[in-house]
Trainee: 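Got a structure here, written out as structure tokens. Questions coming.
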Amino acid sequence: MTIAPERQTAEHRAVRDALGLLKDREQVAERLLASSRKHSFDPDTELDWDAPFEDGLWHWPPELVSLYDTPLWRRMSEEQRIELSRHEAASLASLGIWFEVILMQLLVRHIYDKKLTSNHVRYALTEIADECRHSMMFARLINKSGIEPYPVTRLNHNLARVLKSVSTTPGSFTATLLGEEILDWMQRLIFPDERVQPLVRGVTRIHVIEEARHVRYAREELRRQMVDCPRWERQLTRLSSGEAARVFSVSFVNPRVYSDVGLDRAEAVAQVKASGHRREIMQQGAKRLTDFLDEIGVLRGTGRRLWVSSGLLPA
């Protein structure tokens, strides 16, 4: 059947942006579904949850621990540094669950008005199933670590409630990428690192493999949305993404981890904020994402300034 030009929509016509011609939405989803059939994991059976943690191994690489190379870090014993890595790994797993619960809600909203038998919707449902397993996997890792979860502040928890309730579709996919790509960059460094606990490496390996599909899906859809959405929606997306970047950056490591390992919380927070190494790590982790968002027109105006103030984008 040939669709008359005047009836063509973003579902059927070719769409081009600054990065070039977008691939057909259904074809992208079909390839992602095929990949999901070949490379999906059940963490409950894939990982050895009964094996004890190994003495002397890190739970997060030292270079990625927030206090690394600060004056306070240099005063800490090796045991205390490893203990801090255990708490920061639990903090990041807690943050991951929070983000993935938000993401699942945003994906359900995205497909609510779509053709329910399409490949695009089928892949969204597949991704939701992935995120359910990831959240349960992170929760099990926290329990295995013997640490209580580290929730975000009540303020940021409720800000996210508002953001996910009023978010536009492009705003939803921008927030999705923010929650996925920085952690993905870190986890790609972790799973081959033999200094790190085998269980943590196994968790990050599963997450990296499955999140690669999620990132592809979100990037393709965000590009399409930024071309087709009205001007007001692009403006709102720029602002909401900048605020999401601010919330993400301040929530990345819960400050309670410092007092939980016997450090002065205020001193630790101040040294992390002043750390050139930490700033470089966060900006390096965000670079692939911020380059992409800049190219498709998200990092503009006040939104860009919010990204800079978050510390994830160089001034």
Trainee: Any donor and acceptor pair, going by atom type alone, linking the side chain of Arg238 with main-chain N or O of Gly297 inside 3.5 Å?
Mentor: yes
Trainee: Could you tell me how the ring of Phe173 sits relative to the ring of His110: parallel (under 30°), tilted (30 to 60°) or perpendicular (over 60°)?
Mentor: perpendicular
Trainee: Any side-chain heavy-atom pair from Glu26 and Lys115 closer than 4.5 angstrom?
Mentor: no
Trainee: So if I apply the salt bridge (charged side-chain N to carboxylate O under 4.0 Å, His left out) rule between Arg195 and each of Glu63, Glu78, Glu54, which one comes out positive?
Mentor: Glu63
Trainee: Nearest 0.5 Å, please: how far is CZ in Arg31 from CD in Glu220?
Mentor: 8.0 Å
Trainee: Using side-chain heavy atoms (C-beta onward) and a distance below 4.5 Å, is Met282 in contact with Ser66?
Mentor: no
Trainee: Check the side chains of Thr302 and Arg305 for a donor-acceptor pair under 3.5 angstrom, ignoring hydrogens and angles.
Mentor: yes
Trainee: If you round to the nearest 0.5 Å, how far is OG of Ser309 from CD of Glu243?
Mentor: 8.5 Å
Trainee: Kindly determine whether His207 and Phe191 satisfy ring-ring contact (aromatic ring centres under 6.0 Å, His included), including the steps that lead there.
Mentor: CA-CA 10 Å; His207 198 243; Phe191 76 77; over 10 Å; no
Trainee: Can you check whether Ser240 reaches Thr174 side chain to side chain, under 4.5 Å on heavy atoms?
Mentor: no
Trainee: Considering all heavy atoms of both residues, which atom of Arg216 and which atom of Leu32 are nearest to each other, and what is their separation?
Mentor: CG-CD2, 4.0 Å
Trainee: At what distance, to the nearest 0.5 angstrom, does CD of Glu79 lie from CD1 of Ile82?
Mentor: 6.5 Å
Trainee: Have Ser275 and Thr70 got a donor and an acceptor in their side chains that come within less than 3.5 Å?
Mentor: no
Trainee: If you round to the nearest 0.5 Å, how far is CD of Gln283 from CG of Leu312?
Mentor: 7.5 Å
Trainee: Could you go through Asp69 and Arg278, starting from their C-alpha distance and side-chain angles, then the distance that decides it, and tell me whether this counts as salt bridge (Lys or Arg N to Asp or Glu O under 4.0 Å)?
Mentor: CA-CA 9 Å; Asp69 202 30; Arg278 185 61 175 177; over 6 Å; no
Trainee: Rounded to the nearest 0.5 Å, what separates atom CZ in Arg224 from atom CG in Leu222?
Mentor: 11.5 Å
Trainee: Could you tell me whether a side-chain N or O of Ser40 sits under 3.5 Å from a main-chain N or O of Arg37, the two making a donor and an acceptor?
Mentor: no
Trainee: Looking only at side-chain N and O atoms, does Glu100 offer a donor or acceptor that is under 3.5 Å from a partner on Ser135?
Mentor: yes
Trainee: Would you mind checking if Glu181 and Arg288 are paired as a salt bridge, meaning a charged N to carboxylate O distance below 4.0 Å?
Mentor: yes
Trainee: Between Tyr258 and His87, does any side-chain donor sit less than 3.5 Å from a side-chain acceptor?
Mentor: no
Trainee: Examine distances only and state if a side-chain atom of Ser310 and a backbone atom of Ser249 form a donor-acceptor pair shorter than 3.5 Å.
Mentor: no
Trainee: Under 3.5 Å, is there a donor on one side chain and an acceptor on the other for Arg213 and Ser36?
Mentor: yes
Trainee: Ignoring hydrogens and geometry, is there a side-chain-to-backbone donor-acceptor pair from Arg81 to Trp73 under 3.5 Å?
Mentor: yes
Trainee: Under 4.0 Å between a Lys/Arg side-chain N and an Asp/Glu carboxylate O for Asp44 and Arg133?
Mentor: no
Trainee: Between Glu180 and Arg219, does any side-chain N to carboxylate O distance fall below 4.0 Å?
Mentor: no
Trainee: Strictly distance-based, threshold 3.5 Å: is any side-chain N or O of Arg300 a donor or acceptor partner for the main-chain N or O of Arg234?
Mentor: no
Trainee: So with a 6.0 Å cut-off around CD of Glu46, is the heavy-atom count from everything else above 12?
Mentor: yes
Trainee: Side chains of Arg161 and Asn158: donor-acceptor distance under 3.5 Å anywhere?
Mentor: yes
Trainee: Measure from the side-chain N and O atoms of Ser85 to the backbone N and O of His59, and report whether any donor-acceptor pair falls under 3.5 Å.
Mentor: yes
Trainee: Using modelled atom types only, decide if a donor and an acceptor are shared between the side chain of Tyr150 and the backbone of Glu88 within a distance under 3.5 Å.
Mentor: no
Trainee: In terms of side-chain heavy atoms, does Arg86 have a donor or acceptor partner in Ser145 at a distance below 3.5 Å?
Mentor: no
Trainee: What is the distance from atom CG of Leu177 to atom OG1 of Thr290, rounded to the nearest 0.5 Å?
Mentor: 12.0 Å
Trainee: Is Gln271 reaching over with its side chain to a backbone N or O of Leu72, donor-acceptor style, under 3.5 angstrom?
Mentor: yes
Trainee: Looking at side-chain heavy atoms only, is the closest gap between Leu183 and Phe252 below 4.5 Å?
Mentor: yes
Trainee: To check you understand the geometry: which heavy-atom pair defines the closest contact between Pro170 and Thr237, and what is its length?
Mentor: CG-OG1, 3.4 Å
Trainee: side-chain contact (heavy atoms from CB on, under 4.5 Å) with Leu64: which of Ile190, Val196, Leu92?
Mentor: Ile190
Trainee: Would Glu267 and Arg75 pass as an ion pair if we require N to O under 4.0 Å?
Mentor: yes
Trainee: Please determine whether the number of non-hydrogen atoms from other residues, nucleotides or ligands lying under 6.0 Å from atom CG of Asp55 exceeds 12.
Mentor: no
Trainee: Within a 6.0 Å radius of atom CZ on Arg74, are there more than 12 heavy atoms belonging to other residues, nucleotides or ligands?
Mentor: yes
Trainee: Please say whether more than 12 non-hydrogen atoms of neighbouring residues, nucleotides or ligands are located less than 6.0 Å from NZ in Lys164.
Mentor: yes
Trainee: Ignoring hydrogens and geometry beyond distance, is a side-chain donor-acceptor pair present between Glu280 and His277 at under 3.5 Å?
Mentor: no
